[in-house]
Each structure stands twice: as C-alpha cells, then as structure tokens.
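Step one of this worksheet: look at the structure below.
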Amino acid sequence: MGTLPSSSLLNPSFRFRQLPHLGSFRLRDSVVSRRGSRDLCVVCKERLGNWRLGRRREGFRCFSINGNEEGEENGAGPSTKPAEEGEKRVGGDDSSSERTRASVSSRTPGISSDGPLYSSFQVDSIRLMELLGPEKVDPSDVKLIKEKLFGYSTFWVTKEEPFGDLGEGILFLGNLRGKREDVFAKLQQQLHEVTGDKYNLFMVEEPNSEGPDPRGGPRVSFGLLRKEVSEPGPTTLWQYVISLLLFLLTIGSCVELGIASQINSLPPEVVKYFTDPNATEPPDMQLLFPFVESALPLAYGVLGVQLFHEVGHFLAAFPSKVKLSIPYFIPNITLGSFGAITQFKSILPDRRAMVDISMAGPFAGAALSFLMFCVGLLLSLNPAAAGDLVQVPSLLFQGSLLLGLISRAALGYTAMHAATVSIHPLVIAGWCGLTTSAFNMLPVGCLDGGRAVQGAFGKNFLIGFGLTTYSLLGLGVLGGPLSLPWGLYVLICQRSPEKPCLNDVSEAGTWRKTALAIAIFLVVLTLLPLWDELAEELGIGLVTTF
C-alpha cells in the first residue's frame, strides 16, 4: 500500500468499468467475488463491515487485490453463483450496492462518465500538479467569509468565479451596498477578525460588467487570495549577490563614460580602437590609467543621480508602508547606467500610492540632473573654469530637442555652431541623468512611467500607451541611436505590467493625472532628436545637407 497526502496511488490491475444504465463506475464483480474479503487490507475490511451494517460511507480503493481480470473474461474465473454471493456480501441489497458504486465513482479523481477512462498514472499526475501549484482558498473559509463579511449592508454576493493568475483565488461578484471605500475598509477589518492574516482582499473592477455602478463609477468585485500566494517573496541571498555585481559593473561603466568624455585627449591608438570598426588589435589599457582620476567627477555625478533616483522611491514608499527591493542597476557604456530595477516587496494599498512611488524616483533624479546640467552650462561660460572643460562633438546636442534648445540659449550661436563644443563635465552628467530619467518615465510595462500610467489611468490605458511607445522606439523617433538597446531592455526586463493594488478601483486624483501628463510631455521633448533643418537654423552643430 502507498499513499500521498491528498492523493491516492491506484493499482494498475484495479480497474473500473462504466455501467450504461447507471451512468457511473463500479468495481469488477469477478475480482471481488473471487477474492471476497480475504485479500483486502485492514482499512478496506473495516469499511466493508460498515457497509454490511447499512451505513453510508465514502468509497474505498483497495491496494492489496492482484486478480487476473483477463483470465476471468476468458472463462477462467469462478462460477456465477459465488460471484453473486460475493456481490451480495459486498453490497448487501441493490440499493446499498448502487450507493457503494456511486460513492466509488464520486471519490475517484479524473474519471468522467462522458470521457475516456484514465490510467492511475494520469490520475496521480493530475493530483501531483494540484499539489505543486499555488495553494487555493479553503472552501470552508469561503463559506465563513460569505456568512460573516458580505450581506445587505456591505456587498450582496450573487456569483463566484476563479480569481488570480492560475485561478487559485475566489472572485465575489454582486451588488455594492454603500460607498466603495467605506465598504472595502469595513470588509478588510472584518476579514482580519475572522481569518487573521491568512488572506488578502482585493477590490477590483468587475470583469465584463454590463454597465457602471448606479452609485457612480465602475462596478466592483472583491477577490480573495492567500497571503503566501499574493504577496511577493523575500529577497534571497543570490539576489543580493547579483545586485552587488551589477552595482560594481555600473561603477565601471560610469568611469568608462568619464574617460570617453576626454576623447580629444586620449591616445590616438585608443581612440582608433573604440571608433574604427575595422580595428582588431586592442591597445595597451595602461595608457588609460592617467585619465581615470580626471574621469571620476563625471562618474560620481552620473552614479549620484541614479542613487538619488532610488532614494526618491524609498522616501515616497515609507508613508504608505510599502516595502521595496534592493535596486538592480543596469550598466550602459553610453549613459553610464540605464537606471535600476526596483521591485515592490509588498502589495500596494491603492493606486495613489502606485503613482506617488513611481513618479518620486524619476522626479528626484531629474531634479538633481537638471541642477547639474544648468550649473555645468554656467561653469562652461566661466573663464576661471577653462582648465576643467572638455571638448565634445556638437552632434551631442542634436540628440535632444529640449536639452539642445537650452544649451543653445545658454552657450550662444558661436560656441554651438562648431565641430566641437567646450563644456564642463557637469553638463554631460546632467545630460545623461535627464536622458535616463526620461527613458524610465516612458509609459510602458513595469517602468516607472508604466506604473504611474497604470495607477493614474488604469491598465487599459497602459496597453494603448505601451503600443505607441514601442512603435516610436522601433521607428527611432524617441531616443535616437539609444532607442533599440532601450527597447530590448524593456522587452527583456520590464515588459509586464505591475500587479493590481488592494484597492484597484479608486481614482488617483486630478492633480496626479495632470502632473503625469506634464511629465510625459517633457519626456517626449527630451527624447525627441533635433531634425536637421531646425539644427541648421539654430546653429547647433555643423549640419551638411546634400
């Protein structure tokens, strides 16, 4: 005999057959009649004794029967009279026998009277998949919650549906009997009193609703999930190790950016290796050591913007008691860093918190970057800081409509209408920080901009914004040469929308939507390159037209 928790292992020789006139399954009469109760296990004998007393009990599965059914079918089995007597001993009268057969049929998983017979291996595989899947809501708890929580004064339940990615939860559909925020707060409190910290209750828009709620706004439903299923898992040791390695690589990419900003001072063989695609012989990297010290201020600036970005997220998450994961910085040799991936380690309470936390990081990073950018432009005009200036190609300023216009207004026509422009390293640090912040505020996937749009306007709006953003990145309209690597980064790491909040229905507010709309408009201006006609008219770089 072998057993598994919540499942049974069936002996392959222990078969069932369908009775057309009953529409159910029963044991082979010949097997039981021939063996009787001699070869039954102790548990089966006890249950047979209960059936003889006429009590209705659950169906049984015996694991000790080893009869040869094929021999019985060929006439090698016992006579019909002992079989009938054996059947009478097992089932008693006809009604008791039918109850026994129905009980065996109802307790056998994976067997249907309308479909084919399943082998014991298939039945056990189904049970094993159920065991390995997410733990579902206890039916007894569902009954208790319906009795204690829902009713005329809160929410009248009319229907139940599966809820969650794998249907591991319960979605209660019905009619709301009060203000949704007040009802949700009351239901959360009562759920904690009835079941403790076992479940999470979600208020979501009713799927496939026929119309809005009579009280105003969309119709709502309430989803129930176990906490261990719905809440994110803790950070593992390997995640800490990966985060540390990515941070070290980001430091290296920021230093590399600082060295690359001194391209006019680098040895010719180094410049040729990094700019000529036909160059195969790597130069002596020791030639770069004298330039590392001068590259550190720019590296500090770029890295400081990314750290300030993450601090903004954590400061905004603290009032809402939302836990965040450690940041996973993404190195990039062009900008120093693509930003960082920061996950929510607790369920967001509502959509307002999602908007606030998502926008706090880019706003903090953009504010520091813009300050560095403006200070760098002022230092570029100061003759006393001439020794700290670096020469950069004027084509750099054609990469952003907004930043190019600001640079043109600050530096003037003469300085900008040249092959190279002398600027302070803070300008480069601010430029890279603003570009990275703008990329992270794109309304797509699980980026900060995608989370903010999902919280402010809903997931349906995010789908439309996301398709538009992917199209603009694919055509190179936004981001210029960086659009392709950024689009690949989003598709690989950040394409999935954020999971819903506990209260996923209440609006985020008008001023949050307005701030987000302005931010997206500035993002487009920052990532939109200058077209040649405008660059030629403004004198930004030397534009050659054919």
Side-chain angles (χ1 to χ4, degrees), residues 181 200 202-203 230-232 234-235 239 243 247 250 302-330 337-372 433-459 461-462 465 490 493-494 496-523 526:
E181 289 80 8
N200 280 322
F202 296 82
M203 183 169 67
S230 56
E231 293 185 352
T235 304
Q239 289 175 323
S243 176
F247 182 68
T250 302
V302 174
L303 192 61
V305 170
Q306 304 307 320
L307 294 176
F308 206 66
H309 178 116
E310 299 307 315
V311 170
H313 282 313
F314 280 90
L315 291 178
F318 181 76
S320 301
K321 298 181 181 180
V322 175
K323 299 178 182 179
L324 300 178
S325 72
I326 52 177
Y328 302 90
F329 291 94
I330 308 299
S337 174
F338 264 155
I341 299 175
T342 306
Q343 301 171 330
F344 291 120
K345 284 299 180 180
S346 58
I347 304 178
L348 295 171
D350 51 37
R351 290 163 59 175
R352 296 185 184 91
M354 180 181 287
V355 177
D356 294 342
I357 298 172
S358 301
M359 295 181 64
F363 275 20
L368 179 60
S369 300
F370 188 71
L371 178 62
M372 295 169 62
L434 287 170
T435 304
T436 302
S437 299
F439 271 124
N440 280 275
M441 272 301 295
L442 285 175
V444 60
C446 207
L447 296 176
D448 292 329
R451 290 171 171 173
V453 169
Q454 181 178 344
F457 302 103
K459 189 175 290 188
F461 279 86
L462 177 60
F465 276 107
V490 175
C493 303
Q494 302 273 56
S496 301
E498 190 60 51
K499 292 185 177 180
C501 312
L502 290 175
N503 180 0
D504 205 48
V505 179
S506 298
E507 295 289 339
T510 304
W511 72 267
R512 288 182 175 86
K513 295 180 179 180
T514 304
L516 178 59
I518 296 174
I520 293 178
F521 177 71
L522 294 176
V523 164
T526 302

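Since the model is a prediction, treat every value here as computed from it, not as a measurement.
- Residues forming a ring pair (Phe, Tyr, Trp, His ring centres under 6.0 Å) with Phe338 (at least two apart in sequence, or on another chain): Trp486, Tyr489.
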Worksheet entry | Criterion side chain to side chain contact (heavy atoms under 4.5 Å, CB included) on Asp504 and Arg351, from CA distance to verdict | CA-CA 6 Å; Asp504 205 48; Arg351 290 163 59 175; 3.9 Å; yes
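- Residue pairs meeting the salt bridge (charged side-chain N to carboxylate O under 4.0 Å, His left out) criterion with at least one partner in residues 438-453, sequence neighbours excluded, are Arg451-Glu498.
- Take Thr436 and apply the side-chain contact (heavy atoms from CB on, under 4.5 Å) test, not counting sequence neighbours, and it matches Gln306, Leu335, Asn440.
- Partners of Ala367 by side-chain contact (heavy atoms from CB on, under 4.5 Å), not counting sequence neighbours: none found.
- Annotation for Tyr328: atom OH counts as buried by contact number, over 12 foreign heavy atoms lying within 6.0 Å.
- A perpendicular orientation is assigned to the rings of His313 and His309, their planes being inclined by more than 60° (bins at 30° and 60°).
- Annotation: Lys323, atom NZ; neighbour count of heavy atoms from other residues, nucleotides and ligands within 6.0 Å does not exceed 12.
- Between Ser506 and Glu181, the closest side-chain pair of non-hydrogen atoms falls below 4.5 Å.
- Contact of the Leu442 side chain with the Val490 side chain is not registered, since no non-hydrogen atoms from C-beta on lie closer than 4.5 Å.
- The CE atom of Met354 sits 12.5 Å away from the CZ atom of Arg512 when rounded to the nearest 0.5 Å.
- Val322 places a side-chain heavy atom less than 4.5 Å from the side chain of Phe344.
- Counted by atom type alone, Ser230 and Asn200 present one or more donor-acceptor pairs between their side chains at under 3.5 Å.
- With sequence neighbours left out, Arg352 forms a side-chain hydrogen bond (donor to acceptor under 3.5 Å, both in side chains) with no residue at all.
- Contact of the Phe439 side chain with the Thr526 side chain is not registered, since no non-hydrogen atoms from C-beta on lie closer than 4.5 Å.
- Remark: Ser369 engages Val305, Leu434 in a side-chain contact (heavy atoms from CB on, under 4.5 Å) (not counting sequence neighbours).
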